[in-house]
Amino acid sequence: MTGEERKVIMASSAGTIFEWYDFYLYGSLAAIIGAQFFTAFPEATRNVFALLAFAAGFLVRPFGALVFGALGDLIGRKYTFLMTIMIMGLSTFLVGLLPGYSSWGAAAPIILIVLRMLQGLALGGEYGGAAVYVAEHAPANQRGYFTAFIQTTATLGLLLSLIVILAVQGYVNGNWDPAPVLDAAGAAVMNPDGTPKMIKAFDLWGWRIPFLGSIVLLLISLYIRLQMNESPAFKKMKEEGAASKAPLREAFGPGRNALVLLIVPILFVGALMTGTLNSSIAMILGIAFAVIAVIWGWRNAKIATIALLGLVAGQAVVWYSGQFYALFFMQNVIKVDSFSANVFVAWSLILGTGGFIFFGSLSDRIGRKPIILAGCLIAAVTYQFVFPLLTKTANPALHAAQQTPITVTASPDDCSFQFNPTGTAKFTSSCDIAKATLARTSVNYQSVEDPAATVAQVKIGETVIPAYDAAALTGDDLKTATATFNKSVNDALTAAGYPISAEANTTVARAQHFFDIFTGQKIAIILILTYLILLVTMVYGPIAAMLVELFPTRIRYSGLSLPYHIGNGWFGGLMPATAFAISAQTGNVYGGLWYPIVIAAATVVIGAIFVPGNTHKKDIFADDAK
């Protein structure tokens, strides 16, 4: 690697790491931020909203890909970089300043989502530019190796965010005492035993410090980006007059083609999320969509469609399952405290990140396609075993309790699909209340339909507990019914072995500090998480080089950005919220894993049939004169 090549990689990677750091701060703190900005909603709904606010940044990424991708192909890679980093850095800084729900009411979560969308727009233009910039500088036989450094930036950005969070969390909680938790009306929230519920200083206000500190990273990133030169391939193309004058039209054909590429995945993911399609039908429609696109014969749009469904969709769900959903799963399902969960995930990232370079380099020798599809296939086969093993290892008492048969018996008409992205639905039926209560304590249960049932009943072991219809009660009667039902359920779950009190659970893994990992239980957790990270490196390490090789230089930025950000922004970004909602609906804490499993398996099938092989041997500048 020459000095100039080393400078290209360092400049591109450093700026991209900081941009991913900004973007993922929210993901790492989603549960804490959700409690600050979605105070008015119940806990189960609040968790979904927090994840959806996280997903909002992903939803707009394809639109950022269109805007900044076109700019990158029109005015160059360098100046597009500068725009994206400015938008990302300022949006992140403003999140740290934004007052919570208790101060600004509904305006607070609305502004939060707007800032997340601005971050998504910026990121939609960032990744494609970095991948293209490095690939166009790389030796022909080392594109996988060189672009793999860009692939590490997302994970390193997440790792940096976790390290900063852990450092700030330790300092703030060590120097400030906990405070009482207040509800939306400003009243103290009470525990079941009548004592005030307390919140740690970091969870109350300390989480803002990493966001505010990002302004320093913004200044560093701007300095780094200003030192970069334009891609020599782009400059040569400009000088020869071969640059595209309409990159979006050339990349995707008539406007209807890009519109289809944007709308169809929305319908596809939305159908899965709302339950209007089951996973098998959705997979069949996805395959049919790929076939139609191929038959239609759009040259570059066809390539984008194949890249989306045959590579990126599976890569995306494996990526987010192995990193973000694993972190969310540990904190909210397994009930590992956030500090310990961040420590375990951080160590798995440290151990597994080298896999990006390994698989990127390996793809230079054996090809990109077999490695990416193998990673998707292994993930689809093993997820249903790995996540239960993670529960059993990290919280043995919870795993043992989940073996107790628990049922919710109710009339089908009394039960709703408890996914409410707009916040307008009210889940007040006895069935909904019963399921929401069980979901909060990570209970595995089965739903039993009884058309004759007037009120839902929860059966825990041999104990039967009737739920209540919140719509039929008001005032003190509603409070009494809620308290009575919650106490009865908690008592029965405690008798069944469920560790309702996190403080009293001696089996759950805890880390006192960053290096407190040297016990059998903690090392096993880190190894399981590292396995998930290695699957991430298999699918993600070679993907940048693969996408670069599918498009000619004059439309490369636009062409690869859209399928990449549709796949990662929608299929991947919606994965945590969708999986959580599916799990809450089915009563199985592992039920949501069918979302990544089905999409990863579909990608293997589509990719094996339609994605071209041996792209690592291709001259990526061969079409520039056409």
Side-chain angles (χ1 to χ4, degrees), residues 131 141-152 154-155 279 283 286-287 290 303 306-326 348-349 351-387 389 527-550 560 563-564 567-568 571-572 575 593-618:
N141 62 343
Q142 288 186 293
R143 281 192 297 268
Y145 173 68
F146 273 60
T147 56
F149 286 92
I150 294 298
Q151 302 308 90
T152 67
T155 296
S279 56
M283 181 176 67
I287 295 173
I303 295 172
I306 292 173
L308 168 62
L309 298 176
L311 291 171
V312 183
Q315 167 261 303
V317 295
V318 173
W319 201 100
Y320 289 101
S321 297
Q323 295 192 158
F324 268 103
Y325 188 67
S348 72
L349 294 175
L351 294 175
T353 296
F356 291 110
I357 308 300
F358 172 78
F359 287 113
S361 180
L362 182 63
S363 74
D364 286 325
R365 297 192 293 274
I366 68 173
R368 331 289 186 202
K369 174 179 171 178
I371 297 175
I372 295 170
L373 297 187
C376 290
L377 180 61
I378 295 170
V381 171
T382 61
Y383 273 175
Q384 283 289 352
F385 305 100
V386 173
F387 280 85
L389 178 61
L527 290 177
I528 294 170
L529 294 172
T530 302
Y531 167 78
L532 295 174
I533 296 299
L534 289 176
L535 292 180
V536 170
T537 65
M538 284 188 71
V539 300
Y540 200 59
I543 197 74
M546 182 78 184
L547 292 174
V548 163
E549 290 157 358
L550 292 177
L560 74 84
Y564 176 83
N568 285 274
F571 286 93
M575 190 266 156
L593 293 173
W594 283 109
Y595 176 79
I597 287 173
V598 169
I599 291 179
T603 294
V604 172
V605 174
I606 296 170
I609 297 172
F610 297 111
V611 173
N614 294 322
T615 61
H616 63 298
K617 299 177 181 179
K618 179 181 178 181

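Predicted model, so just to flag it, every value in this text is computed and none were measured.
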Pair up each side-chain donor or acceptor in residues 598-610 with any protein partner under 3.5 Å, not counting sequence neighbours, and list the distances.
residue, atom, partner, partner atom, Å
T603, OG1, L309, O, 3.4
T603, OG1, G314, N, 2.9
T603, OG1, I599, O, 3.0

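- The distance from the CG atom of L534 to the CZ atom of F356 is 9.5 Å, given to the nearest 0.5 Å.
- Atoms CD and CZ, from Q142 and R365 in turn, are 10.5 Å apart once rounded to the nearest 0.5 Å.
- Here the CZ-OG distance, from R143 to S363, works out to 9.5 Å after rounding to the nearest 0.5 Å.
- Side-chain contact between I372 and F359 is absent, with no heavy atoms from C-beta onward closer than 4.5 Å.
- Within the 4.5 Å cutoff, no side-chain heavy atoms of V536 are placed close to those of M538.
- The shortest distance between side-chain heavy atoms of Q315 and Y564 falls below 4.5 Å.
- Closest heavy-atom contact between V318 and C376: CG2-CA, 4.3 Å.
- In this structure, S361 contributes its side chain and I357 its backbone to no donor-acceptor pair below 3.5 Å.
- Pairs passing the salt bridge (charged side-chain N to carboxylate O under 4.0 Å, His left out) check and including a residue from residues 593-602, sequence neighbours excluded, do not occur.
- With sequence neighbours left out, T615 forms a side chain to side chain donor-acceptor pair (under 3.5 Å) with E549.
- There is a side-chain donor-acceptor pair under 3.5 Å between Y531 and T382.
- Between A544 and T147, the closest heavy-atom pair is CB-CB, 4.0 Å.
- Of all heavy-atom pairs between A148 and G360, the closest is CB-CA, 4.0 Å.
- Take T537 and apply the side chain to side chain donor-acceptor pair (under 3.5 Å) test, not counting sequence neighbours, and it matches no residue.
- Contact annotation: the side chain of L560 never approaches that of L550 to less than 4.5 Å [non-hydrogen atoms, C-beta and beyond].
- The shortest side-chain heavy-atom distance between N141 and D364 does not fall under the 4.5 Å cut-off.
- Summarising the geometry of L532 relative to A326, their closest heavy-atom pair is CD1-CB, 4.1 Å, with the distance given to 0.1 Å.
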Check the pair W319, T155 against side-chain contact (heavy atoms from CB on, under 4.5 Å), reporting the backbone distance first and the verdict last. CA-CA 10 Å; W319 201 100; T155 296; 4.3 Å; yes
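- Under the side chain to side chain donor-acceptor pair (under 3.5 Å) criterion, T152 pairs with no residue, sequence neighbours left out.
- Remark: Y383 engages F387 in a ring pair (Phe, Tyr, Trp, His ring centres under 6.0 Å) (not counting sequence neighbours).
- Looking at every heavy atom in both residues, I371 comes nearest to P542 through CG2-CG, 3.9 Å.
- In this structure the side chain of R368 never reaches within 4.5 angstrom of the side chain of L311, judged on heavy atoms.
- The side-chain heavy atoms of I378 and L535, taken from C-beta on, include a pair separated by under 4.5 Å.
- For L547 against A307, the heavy-atom pair with the smallest separation is CD2-CB, 3.9 Å.
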